[in-house]
Amino acid sequence: MGLEVSRLARNSADWHRLIELCSLASALILDEDGIYDPANFNDRLLLGLKGTMSEAELHFLKARMRGGMINKARRGELEMRPPVGLVYRDDGVLILDPDSEVQAAIRLVFETFDRTGSAMQTVRLFHEQGLRFPRRIRKGLDKGELHWVKVGHSRIIQVLHNPRYAGAFVYGRVRTRRLPDGKNSTIKVPRSEWQFVIPGIHAGYISWEQFERNQKRLAENALGFGGTERPVRHAKGRHFCRAESSAAFAENGWAYITTSPMAR
């Protein structure tokens, strides 16, 4: 016997599976309105309706919550996890990290890229000078702590592509969907499909104009030698690029690599 078990019906598949099990075991289902025998057709029909209503209730709750998030995002007030180098004050204002060493590392990335026009050259400078890059632990026992690690090419690319370093609020850069195994898959969307972009909403390390120039230079680096795109299956979600003229991104286990004819 169960009490208000229809509240557990967060999707129809789970609810109807429970009804079927109770029917096979001759178990009764109880809620505040009465007692139901899943083996009886009329009771089974009513239980199915109650489960559907419970599922719809959850949908409406999520819709209202998402509506509130969208409204805050439209105003640029939605708090989202900032990248390393940016932190929220107690009053909710996003500012540069007070740690001067963190600021220096972030600024060095943009200054080096502005001077060399190459993400690989920026990585090389960090390696040659033995410099480390800050990394904020996001989960686990050390959540929130700052670690200094050896920087890689993918990390530099992430920093250069992140509009938050230009003081812009952006919502809709990624889309998340649930996979059959219950895990979530996150996919980056093209810039033209970002939902909200509000430049100058908070402090940044570079101007929006410089961010635009950086995106143009990165795109030119990727396609500067007349490259073409070809999908390549990569192992364990990792890929490697041999030349600056190569650009890759992962989507659903595939890496789309742009290579120049010279690199083939």
Side-chain angles (χ1 to χ4, degrees), residues 80-86 97 102-129 131-138 147-168 170 172-175 185-194 197 199 204-225 227-232 234-260 262-263:
M80 298 188 296
R81 186 177 67 187
V84 65
L86 295 170
D97 195 312
V102 172
Q103 287 194 30
I106 302 294
R107 294 187 191 280
L108 182 60
V109 171
F110 291 109
E111 292 171 358
T112 305
F113 182 78
D114 188 54
R115 185 178 68 255
T116 64
S118 167
M120 287 299 297
Q121 291 294 333
T122 303
V123 175
R124 185 172 293 113
L125 180 138
F126 272 80
H127 290 178
E128 290 177 349
Q129 297 188 13
L131 301 176
R132 299 283 175 167
F133 195 78
R135 174 174 174 264
R136 187 78 63 183
I137 304 300
R138 300 299 185 184
H147 289 190
W148 291 85
V149 298
K150 187 175 181 179
V151 70
H153 180 263
S154 61
R155 189 71 183 92
I156 295 298
I157 289 294
Q158 289 176 2
V159 172
L160 293 172
H161 277 305
N162 196 327
R164 307 217 71 180
Y165 288 114
V170 177
R173 294 180 64 202
V174 297
R175 290 176 184 166
S185 173
T186 301
I187 301 175
K188 292 185 178 180
V189 301
R191 182 176 172 180
S192 59
E193 298 180 17
W194 292 355
V197 180
Y205 287 87
I206 58 175
S207 66
W208 182 254
E209 291 73 22
Q210 184 177 348
F211 173 78
E212 296 277 19
R213 291 196 300 269
N214 289 348
Q215 303 314 296
K216 183 178 179 180
R217 295 178 79 173
L218 289 168
E220 291 173 349
N221 289 347
L223 301 174
F225 295 95
T228 57
E229 286 191 344
R230 56 185 178 86
V232 178
H234 56 80
K236 297 183 180 180
R238 304 182 65 182
H239 59 264
F240 302 89
C241 297
R242 293 186 177 181
E244 183 65 20
S245 60
S246 299
F249 64 89
E251 181 176 342
N252 292 336
W254 287 88
Y256 291 83
I257 303 178
T258 303
T259 58
S260 68
M262 297 174 60

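One is the number of the first residue; the rest follow in order along the sequence.
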Undergrad: Taking the side chain as C-beta and beyond, is there a heavy-atom pair between Val102 and Trp148 under 4.5 Å?
TA: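 Val102 reaches Trp148 side chain to side chain.
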Undergrad: Holding to salt bridge (charged side-chain N to carboxylate O under 4.0 Å, His left out), I want the full list of residues that pass it with Glu193, two or more places apart in sequence or in another chain.
TA: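 Glu193 satisfies salt bridge (charged side-chain N to carboxylate O under 4.0 Å, His left out) with Arg175 only.
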Undergrad: In chain order, what residues pass the salt bridge (charged side-chain N to carboxylate O under 4.0 Å, His left out) check against Arg155, with sequence neighbours excluded?
TA: none
Undergrad: Could you check whether Arg136 pairs with Asp97 (Lys NZ or Arg NE/NH1/NH2 to Asp/Glu carboxylate O, under 4.0 Å)?
TA: yes
Undergrad: Verify the neighbour count for atom CZ of Arg138: are there more than 12 heavy atoms of other residues, nucleotides or ligands below 6.0 Å?
TA: yes
Undergrad: Mind checking what makes side-chain hydrogen bond (donor to acceptor under 3.5 Å, both in side chains) contact with Asn214, not counting sequence neighbours?
TA: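 Asn214: no side-chain hydrogen bond (donor to acceptor under 3.5 Å, both in side chains) contacts found.
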Undergrad: For Trp194, which residues count as a ring pair (Phe, Tyr, Trp, His ring centres under 6.0 Å) partner, sequence neighbours excluded?
TA: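 Residues passing ring pair (Phe, Tyr, Trp, His ring centres under 6.0 Å) with Trp194: none at all.
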Undergrad: Test of understanding: with side-chain hydrogen bond (donor to acceptor under 3.5 Å, both in side chains), list the residues that count as partners of Arg213, not counting sequence neighbours.
TA: none
Undergrad: Would you please name every residue forming a side chain to side chain contact (heavy atoms under 4.5 Å, CB included) with Pro82, sequence neighbours left out?
TA: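 Testing Pro82 for side chain to side chain contact (heavy atoms under 4.5 Å, CB included), a comparison that skips the adjacent residues, returns Leu86, Tyr88, Leu94.
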Undergrad: Excluding sequence neighbours, so at least two apart, what forms side-chain hydrogen bond (donor to acceptor under 3.5 Å, both in side chains) with Glu111?
TA: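 Applying side-chain hydrogen bond (donor to acceptor under 3.5 Å, both in side chains) to Glu111 gives none.
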Undergrad: Could you tell me whether the side chain of Val174 reaches within less than 4.5 Å of the side chain of Ile187, counting heavy atoms only?
TA: no
Undergrad: Return the minimal non-hydrogen interatomic distance between His153 and Ala119, and the atom names on each side.
TA: NE2-CB, 3.8 Å
Undergrad: Return the minimal non-hydrogen interatomic distance between Pro134 and Ala105, and the atom names on each side.
TA: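 Result for this residue pair: CD-CB, 3.7 Å.
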Undergrad: With side chains defined as the heavy atoms from C-beta onward, is the minimum distance between Ile106 and Phe133 less than 4.5 Å?
TA: yes
Undergrad: Check side chain to side chain contact (heavy atoms under 4.5 Å, CB included) between Thr116 and all other residues, then give those that pass, not counting sequence neighbours.
TA: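 For Thr116 the side chain to side chain contact (heavy atoms under 4.5 Å, CB included) partners, ignoring immediate neighbours, are Thr112, Ser118, Gln121, Thr122.
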Undergrad: So, using side-chain hydrogen bond (donor to acceptor under 3.5 Å, both in side chains) as the criterion, who are the partners of Arg115 when residues are at least two apart?
TA: none
Undergrad: Counting only heavy atoms from other residues, nucleotides and ligands, does the tally under 6.0 Å from CZ of Arg135 exceed 12?
TA: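 At most 12 heavy atoms, drawn from other residues, nucleotides or ligands, come within 6.0 Å of this atom.
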Undergrad: Output all residues satisfying side chain to side chain contact (heavy atoms under 4.5 Å, CB included) with Gln215, sequence neighbours left out; order by chain, then residue number.
TA: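 Expected list: His161, Arg191, Phe211, Leu218.
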Undergrad: Who passes salt bridge (charged side-chain N to carboxylate O under 4.0 Å, His left out) against Arg132, sequence neighbours left out?
TA: none
Undergrad: Taking atom CD of Gln129 and atom CZ of Arg124, what is their separation to the nearest 0.5 Å?
TA: 13.0 Å
Undergrad: Under the ring pair (Phe, Tyr, Trp, His ring centres under 6.0 Å) rule, collect the residues that match up with Phe110, sequence neighbours excluded.
TA: Tyr165
Undergrad: Any sub-3.5 Å donor-acceptor pair from His127's side-chain atoms to Lys150's backbone N or O?
TA: no
Undergrad: Do Arg164 and Val170 have side chains that get closer than 4.5 Å, going by heavy atoms?
TA: no
Undergrad: Closest approach of Tyr205 and Gly85, non-hydrogen atoms and distance?
TA: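 Smallest heavy-atom distance, with atoms named: OH-O, 2.6 Å.
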Undergrad: Roughly how far apart are Leu108 CG and Phe113 CZ, rounded to 0.5 Å?
TA: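 That separation rounds to 13.5 Å.
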